[in-house]
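Notes follow the structure.
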Amino acid sequence: MAMPERNVVEAINNALTEEMERDPRVMLLGLDVGRLGGVFRTTSGLIEKYGASRVVDTPLAEASIIGASLGLAVSGMVPVAEIQFLGFTAQAFHQIGPQLGKYRHRSRGRYHAQVTIRAPFGGGIRSPEFHSDAVEAQFVQSPGIKVVMPSNPYDAKGMLLEAIRDPDPVLFCEPDRLYRLYRMEVPDGDYTVPFGKAVVAREGKDVTLVAWSAAVELCQRAAAKLAEEDIEASIVDLRTLVPLDVETLVNAVAATGRCVIVHEAPLSAGFGAEVAATLAEEAFYDLDAPIARVASWDIPFPPASMEHWYLPSVDRVVEAAKRTAAA
Amino acid sequence: MAMPERNVVEAINNALTEEMERDPRVMLLGLDVGRLGGVFRTTSGLIEKYGASRVVDTPLAEASIIGASLGLAVSGMVPVAEIQFLGFTAQAFHQIGPQLGKYRHRSRGRYHAQVTIRAPFGGGIRSPEFHSDAVEAQFVQSPGIKVVMPSNPYDAKGMLLEAIRDPDPVLFCEPDRLYRLYRMEVPDGDYTVPFGKAVVAREGKDVTLVAWSAAVELCQRAAAKLAEEDIEASIVDLRTLVPLDVETLVNAVAATGRCVIVHEAPLSAGFGAEVAATLAEEAFYDLDAPIARVASWDIPFPPASMEHWYLPSVDRVVEAAKRTAAA
Amino acid sequence: MAIMAETRLMTLQPDGKLLKGARPSMDEEFLLDALRWMLLSRLYDEKVIGLQRQGRFGVYSPGLGQEASIVGSSMALDPERDWIVPQYRELMAIVRHGYPLEKITATYMGKTTEATRIPEGVNVLPTQVALAAQLPQAVGLAWGLKLQGKDAVVMAYIGDGGSSEGDFHEALNLAGVQKVPIVFFMQNNQWAISTPRSLQSATPSFSLRAAGYGFPGVEVDGNDIFAVYQAAVEAVRRARAGDGPTLIESVTYRMGFHNTTDNPSRYEDKEQRADFERRDPIDRVVRYLRSLGLLDEQREDNLRAEVSAEVDRVIEAAAAEPGVRPDGMFDNVYERPPARVLKQREQFRGSNGNA
Amino acid sequence: MAIMAETRLMTLQPDGKLLKGARPSMDEEFLLDALRWMLLSRLYDEKVIGLQRQGRFGVYSPGLGQEASIVGSSMALDPERDWIVPQYRELMAIVRHGYPLEKITATYMGKTTEATRIPEGVNVLPTQVALAAQLPQAVGLAWGLKLQGKDAVVMAYIGDGGSSEGDFHEALNLAGVQKVPIVFFMQNNQWAISTPRSLQSATPSFSLRAAGYGFPGVEVDGNDIFAVYQAAVEAVRRARAGDGPTLIESVTYRMGFHNTTDNPSRYEDKEQRADFERRDPIDRVVRYLRSLGLLDEQREDNLRAEVSAEVDRVIEAAAAEPGVRPDGMFDNVYERPPARVLKQREQFRGSNGNA
Ligand SMILES: Cc1ncc(C[n+]2csc(CCOP(=O)(O)OP(=O)(O)O)c2C)c(N)n1
Ligand SMILES: Cc1ncc(C[n+]2csc(CCOP(=O)(O)OP(=O)(O)O)c2C)c(N)n1
Ligand SMILES: [Mg+2]
Ligand SMILES: [Mg+2]
C-alpha cells in the first residue's frame, strides 16, 4: 500500500487529530480554530470530532491565549495554542518569553509549562501587514522557549508531535507559503522528529547554504540553479533554532569552507547572525571565505505588491553563493 | 571654572531639564516619573518645574504609555516615555517595533513618531526578576527603531538630547549599574553625541574588546587586568546598535585581528551575534583568531543572590581575551 | 452607587417608521447626504469585491450592512478640526473625512507610492491591522490636541473582536484619567472573523465597560442612522466641551464576509443573518424617505446610477495612478536612515536596475 | 438594563462596633484565628524590614495595613482543593494556604534552592513580579480545573496598579466567557508605588468593571475582616457552584512603603494616611473582641509574644537553610535542556570549581 501523501496543512491536521485522539489532555485554543477550522484550515474538522471544550475559539486577545495556556498546563492539560500569525505574538510577548519560558525556573521546578504555540508566518502569499513578519529570532533571546521551524510536511507532523509532548514550552512556526505548495509522504500514525538535529537536505561540495523553514525550499531552488553552473551547494536545514545543532552545522560548513545563510527575517540581529557568530567561533579555522547572509532588508515588510523585492530571492541566493564559492 | 561633574542619573536629569526648558513640546510620561521623580530619581524635580501636564504619572500600563506617546507625537508633542525597567518593554512590545517603528512607513511618510523611550536595565544591582533583563537585541529585529546604549555620563546626556531631537523613534537604554557609580565632566548646556559613531574607548594592539552600555565599564576593568599580564586590549564602545558603526568596528578589529565581544544579554541571538556576523563577513580576511563572545548564560536571569555568577565577569573577559590573543 | 447602561438607542424602526415619540436627529437634506454616503459604501464594496475576484484588488474587508454605523458616526465630526483613527472597516468614514477614495483605491490596487498617502491637512490616521493598537494611539492624539489647546475631537473605531485586546482596556483607562476629547466608537457587528459575539465576551453590553473607566457608555441600534448620529453628536459635544470620553457600542451586523479570503457559510447562523437582513440600514432610510414622499423609485434609481458612476470613475482614476517604485519600499522608514539601510538600498538598486 | 454596583460592604466599624443590623461573618474562634494571622503578618513585616536594613533580606513589600484584606480573603479558601495565584503583597494568604513561611523567608534571604520551592501538594503559584501577568494564568488554571471536573476554586490577587494592565482585561473577559471558577481579589491599597488611586483610573469603583465582563463585582471595606471574609465566601460559593467569576475590590491602604527601596514621604498624603490609620484593621478587631470580653490586655500581650516568638523561630530556621549552589541557576530551565546550555553549565562549573 502506498504511503499517504500530505501537504503541510494536512500533516499538521493529521498530527493534531492523532494526538488529540491519543491524549485526552491535549486541547487547542486560539482565534477561529473551531468552527472555521483556522484561517488556513489547519484545525479543520477537529471541533466536530472533539467538541468545543477541547477546541476553543477564544476571545481576540493573544496575551490571554498564552497566559491561559500556561495556567491550563499547570492544571494538568496539554494546551496547543494558536497565534493566528506569528507577528501577533508581539501582543503576547510578555506572556511568552518572560512567563512561559521562565515558569519552570520561576517555580524552581515545581511547575512546568508544557505548552505548544503554533503560528504561521512568512512572506510570499500577499498577506496584509504584520502577517508575514519573521520574528523567530526574538524568541531565541528568551531562554526557556524552544523555537521550532519545520520546512516540509514530514517534519511538520513529526516535530509537532514532538513539540506537544515536550515538557518544555515550544514555539512552532509554520511556513505559510509552503502550506499547500506540494505533498510528500507523511505516514499515518505515530512518529516524532527530535529537536536539535539539523539535517543536510542536499549534499554539495562547493558551498554550504544554511536555512530553516520556507527558506530551505528557496535554497533548493537556488541550488538547482547553481548546479546548472556547476556549483554544487549543500543545504543544512537547521529545523530547530533552540536547540541549535552546532555539530551538524559546523561539520557541514567545514566540509565546504564556505557558507551562505538564508532567512526571511530582516538581516540585522536575525537568527542568521547567531549562525554566523557560532561559525566564526567554532568553525573559524575551516572557513575559506567570508560568511554571507541573504535576508530581507532592514526595513518593515512592505505591501503585498512589493514583497518579492523584499524577501530573499533565488537570484540573491545564487549571487551570494557564487560570490562566496569564488572568494 | 571647573566643568561640572555628573553621574549618569545627574546627566540624564540635566539633559531632560535643559530640553524641557528649550522645547515646550517635550513632555515626560511613565510610571512614577512625577512626584517620586522616577524609581532611580532620573526625573527628580521636573514635575515641580514643569507641572503635572508635562511630567505625567501614568496608569500602570506600558503598552498605553508607548501607544499614547505615538499619538502625542502625531499631535505635535515630543514625548519622552519611561518604561520603568527595560524588561517591561515586553508588555508594550506590540506598540514598539510593529507600531512606533513602522508608523512613518505605514503612513507613507505622512506621520512620524518622534518618541524617545527611556528604560533602565542591566544586572549587578540585585534587582527583582525581570528588572535586569538585557533585551536590547529584540528591538534590533524591529526596523524603524534606533537602539541607543550610552556607557557613561557624558554620552548619556549627549545621546539623550540627540534621541529626543531625532525625528525617528529611539529606544534609549540606561545602564542602571552605572547610574551612580562615578562622576565625570558633563558640561552644562547644549551638546549632542551623534548616533552611528562608535568610539575606541581604549587603544591596544593585542585584542579588541567590543561592548556597549555597562559592559564597556566591565571591559575597562578587564583591560586593566590584562595589561598587568602585558596584553594590551583595545575597547570599542558601539554606543548605538542601530545605527551600527560598521566602519569603526571593522577597523578596530582588523587592527588587532582578534575580537572578544562582551554583553549582558544571554549569548544566543544577543546583539553580539550580529557583531560577530558582521565581522565574519566584512573583516574576514583580517581575522587571526576565532571571534569569542562573553555573555550571560542562556538561562533566565537568576535571583539576586546568584547574579554575579550569571553576568559576564572580569575573569571571564580576561580569560576569553587571553585565549583569543594566544590563538 | 448605581450605574445605568442606557437602553439601546433607537429612533427609526426597520419598517422605516419613526419609533413612537422619537424625533429624527438629521434634517432631510442631511439625511439624503447620509443616504448617498451609505449607497457609495455599498456600491463600492460590491464593485471592488468583483475586482478582487479578478485579482485586481488586494484583500478587502467590506462594510456591507454596517453603513449606518460607519456613515452616521463620521457625520458627527467636523473634518476641519476633528480626527478619525480607524480600525479598517470604516472606509467611507475616512473618505467623508477627506481621504480621497481614489487614493485609497489605488492603494488597494497595489499602488503604494507617496501619492496615495493620506494628504496633508486630512485628519485621518492610517488604517490599523493590529487590532486595538490604534486605541492608545488615538488617546495620545486626543491628549496632545488637548494639551495644545486645539478645539478637536478624536473618533476612534474598534470592533467587537478588537475590544478584547489589552490595548482596549489600557486606552480607555488612560483616556478616562486624562479626560481627553475622544469618542470610542465600537462597531459590534457580531463577528470577529468566525468568532461570534457570544464567545467574545459574556458582558450583556460592551457599553457597560465605560463605567469601569469613569465615563458614559451608550448602546445604539447600529443599523439606525438617526440613532447612531444622535449618539455620536452627543459624544462629540461632550468631548468638545471638555467632559471627556464616551464609549458608543453600535450594534450592527456584518452582512458580508470578514474579508475577501473568508467564507462565512462555514460558521454563520442563518437565522441571525436573516433577522439582520430585515434590519438593513439602507432599506430603512429608503422606506422612511419614501414614506415622507422625499424619494421615489425614479429618484432612487438616479441616485444609485450616479453613485455607481462615481465608483467607476474612482476605480478608473486609481487604475491610472502610477504603480510602485521598487526601491520605494526603502522610503519613509527613517528620516535619518542608518548607513546599513542606505547600503542595502544601493545593493537593491544595483541588482534591480532601478534607481 | 441596569447594573448595580453593590454599595461598599462593611460590617465592623473602625471603632470596633458592629454596623447597625450587621452580623459578623466569622464565629469567635475563627475570628481569633484571623487575628492571629493578621498579627503574624504585621509582626513578620516589622521584623524583616529590620533584617532588610541589615542587608540580610531581599527587597520586600510589606502587607502593613492590608492584613484584613490579605487574611480575610484567604480564609474563605479550602487549602486542600482551592488555589491561590498571588501578586506579591499577600504573603500570609499563601502561608495560610500551606506554603511554609520558613521556605519563603529562606528565599528572601537568598536561598533559592529547590528545598525552598512551593512544596508538592500546596496549591499556590509563584508570586508574580510582572504585574497582572498572573491573571490570564489564573484563568487558565481555573479553566483547566473545571475541564477536569475538579471541585476547585482559584483566588487570584491583583493590585489597583496592576489592574490597569491589558492582562487584567483579557483575563477577566476570558474568565467570563468560559465561566471559570475564579475570584479576582483586588487589593486597592490606594497606591502603585507613588501613583495614587486617582491617577490610576477615573472609575468611581474598580468593582464596576465586572459588568463589562458579565459577572458580579463587589466593593468591600478592605480593613474590615468581616466584610472581606463575607464577600470572599460568597464569591467562592458562586465559583464552586459553577456560577462563574466574581471581582472583589477590597478598599484598603498601604500603611508601609511600596517596598524596602521606597520612601513614601516624597509623595504620601498625610491626611489620607491618618484617616486610614484610624481604620487600622487589627485595632478594629481588637476593639471588637475587647468589647465582647474575649480579649484583654493580658491575652493580647500573650498572643503578640507568641506570634513574635514564631517569627523569630521562622527566621532562625530560614537562616539555617543551606545557601545557594552556584550551578543551581542552570536547574529547572528546561526539562530537556539544549546541548548548548549543558555545555555552558560545564564551562561554568569548570571556571567556578563547583560541580
Ligand atoms: C492583534 C491581532 N490579532 C489578530 C488579527 C487577525 N484578525 C484580523 S481581523 C480579525 C477580526 C476582527 O474582529 P473585529 O474587531 O470585530 O472587527 P471586524 O472585522 O468585525 O470589523 C482578526 C482576528 C489581527 N489583525 N490583529
Ligand atoms: C509590568 C510591570 N510594570 C511595572 C512594574 C514595576 N512595579 C512593581 S510594583 C509596582 C506598583 C504595583 O502597584 P499595585 O498593583 O497597586 O500593587 P501594590 O504594590 O500596591 O500592592 C510597579 C509599577 C512591574 N513590576 N511590572
Ligand atoms: Mg466584529
Ligand atoms: Mg496598590
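Worth saying up front: this structure is predicted, and the values here are computed from it rather than measured. Residue numbering restarts at 1 for every chain, and letters A, B, ... go by the order of the sequence lines.
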Exercise. Do you know which two heavy atoms are closest between R336(C) and D166(B), and how far apart they sit?
Worked result: NH1-CA, 3.8 Å
Proximal component of [X], with respect to chain B [non-hydrogen, under 4.5 Å]:
{"X": "I118(C)", "result": "both"}
{"X": "V129(C)", "result": "backbone"}
{"X": "V177(C)", "result": "side chain"}
{"X": "A138(C)", "result": "neither"}
{"X": "Q128(C)", "result": "both"}
{"X": "L135(C)", "result": "neither"}

Using 0.5 Å steps for rounding, measure from the [atom1] atom of [X] to the [atom2] atom of [Y].
{"X": "E170(C)", "Y": "I66(B)", "atom1": "CD", "atom2": "CD1", "result": "10.5 Å"}
{"X": "R108(B)", "Y": "K103(C)", "atom1": "CZ", "atom2": "NZ", "result": "9.5 Å"}
{"X": "Q137(C)", "Y": "S75(B)", "atom1": "CD", "atom2": "OG", "result": "13.0 Å"}

Exercise. Salt-bridged, K343(C) to E282(B), with N to O below 4.0 Å?
Worked result: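 E282(B) and K343(C): salt-bridged.
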Exercise. Looking at V154(C), L125(C), V85(C), T127(C), which makes the most heavy-atom pairs under 4.5 Å with chain B?
Worked result: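 Looking at each of V154(C), L125(C), V85(C), T127(C) in turn, L125(C) comes out on top.
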Problem set entry | Segment of E62(B) engaging chain C (4.5 angstrom heavy-atom cut-off) |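 Only the backbone of E62(B) comes within 4.5 Å of chain C.
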Exercise. Under a 4.5 Å heavy-atom cutoff, which of K102(B), H105(B), R110(B), E247(B) has the most pairs with chain C?
Worked result: R110(B)
For this session: Could you walk me through whether D167(C) and Q95(B) pass the side chain to side chain contact (heavy atoms under 4.5 Å, CB included) test, one step at a time?
Result: CA-CA 9 Å; D167(C) 276 2; Q95(B) 287 285 356; 3.0 Å; yes
Exercise. How about P126(C) and Y111(B): do any of their side-chain heavy atoms sit closer than 4.5 Å?
Worked result: yes
